[in-house]
Amino acid sequence: MRELDYGRMGMRIRQLRKTKGWSQDDLAKKCGISMSFLGHIERGTRIMSLETFVSICDALDADADELLWGVAHPSNAVLNLWQHPERKEGRNPSDYNAHTDADSYSMYVRIMKSVAEIMNGA
């Protein structure tokens with residue numbers, strides 16, 4: 001069983017929070033926790049409950065694997081767009097090359113896995 005690295009998990013939470021342009025206070029309020037506790041979580045000096053973890057995932061719109069292990073999974077919206085790009089662009093299914101879209105999706109997944117490995121120091 002892999003051991004959780006709370007410091008790295010906190011770093012990933014901080015990175016996502018900053019990407020959204022939120023302060024610690026903004027995220028803490030969205031999760032119903034104190035700013036001080038969120039600071040401890042981001043530094044990896046305190047362990048949060050499962051309920052708090054779920055609240056943070058929801059607030060950041062992040063996958064649990066992304067925060068726990070640094071493994072990002074594309075959201076369902078992204079999957080649907082890659083699998084059915086005509087939905088977003090209003091095109092007919094016959095107007096696009098599904099093979100090319102599948103290749104593009106595979107490339108996207110490989111790139112994201114590589115980025116996750118680099119961020120994890122693998």
### Task
Evaluate the criterion side-chain contact (heavy atoms from CB on, under 4.5 Å) for residue pair D58 and K30; output intermediate values, then yes/no.
CA-CA 9 Å; D58 286 344; K30 292 175 187 297; over 6 Å; no

### Task
Enter the distance from T52:OG1 to R46:CZ here, rounded to the nearest 0.5 Å.
10.0 Å

### Task
Identify the two heavy atoms, one from L67 and one from R12, that lie closest to each other, and give their separation to 0.1 Å.
O-NE, 2.9 Å

### Task
Measure the spacing between SG of C57 and CG of D63 and express it to the nearest 0.5 Å.
7.5 Å

### Task
With the side chain counted from C-beta on, respond yes when L60 and W22 share a heavy-atom pair under 4.5 Å apart, and no when they do not.
yes

### Task
With rounding to the nearest 0.5 Å, note down the distance linking OG in S23 to CE in M35.
7.5 Å

### Query
Could you state the interatomic distance from CG (L16) to CE (M11), rounded to the nearest 0.5 Å?
10.5 Å

### Message
Are the side chains of M48 and F37 in contact, using a 4.5 Å heavy-atom criterion?
### Response
yes

### Summary
Note: Q24 and L38 closest approach over all heavy atoms is O-CD2, 3.1 Å

### NZ/K20: more than 12 non-hydrogen atoms of other groups inside 6.0 Å
yes

### Task
Applying side-chain contact (heavy atoms from CB on, under 4.5 Å), name anything that partners C31, two or more places apart in sequence or on another chain.
L27, I33, S55, I56, A59

### M9 vs R14 side-chain heavy atoms within contact, under 4.5 Å
no

### Heavy-atom side-chain proximity of L4 to W69 below 4.5 angstrom
yes

### Query
Is there side-chain contact between L68 and F53, with heavy atoms separated by less than 4.5 Å?
yes

### Task
Check step by step if salt bridge (Lys or Arg N to Asp or Glu O under 4.0 Å) holds for K29 and D25.
CA-CA 6 Å; K29 285 178 181 173; D25 192 47; 3.1 Å; yes

### Query
Does the side chain of R17 come within less than 4.5 Å of E42's, by heavy atoms?
yes

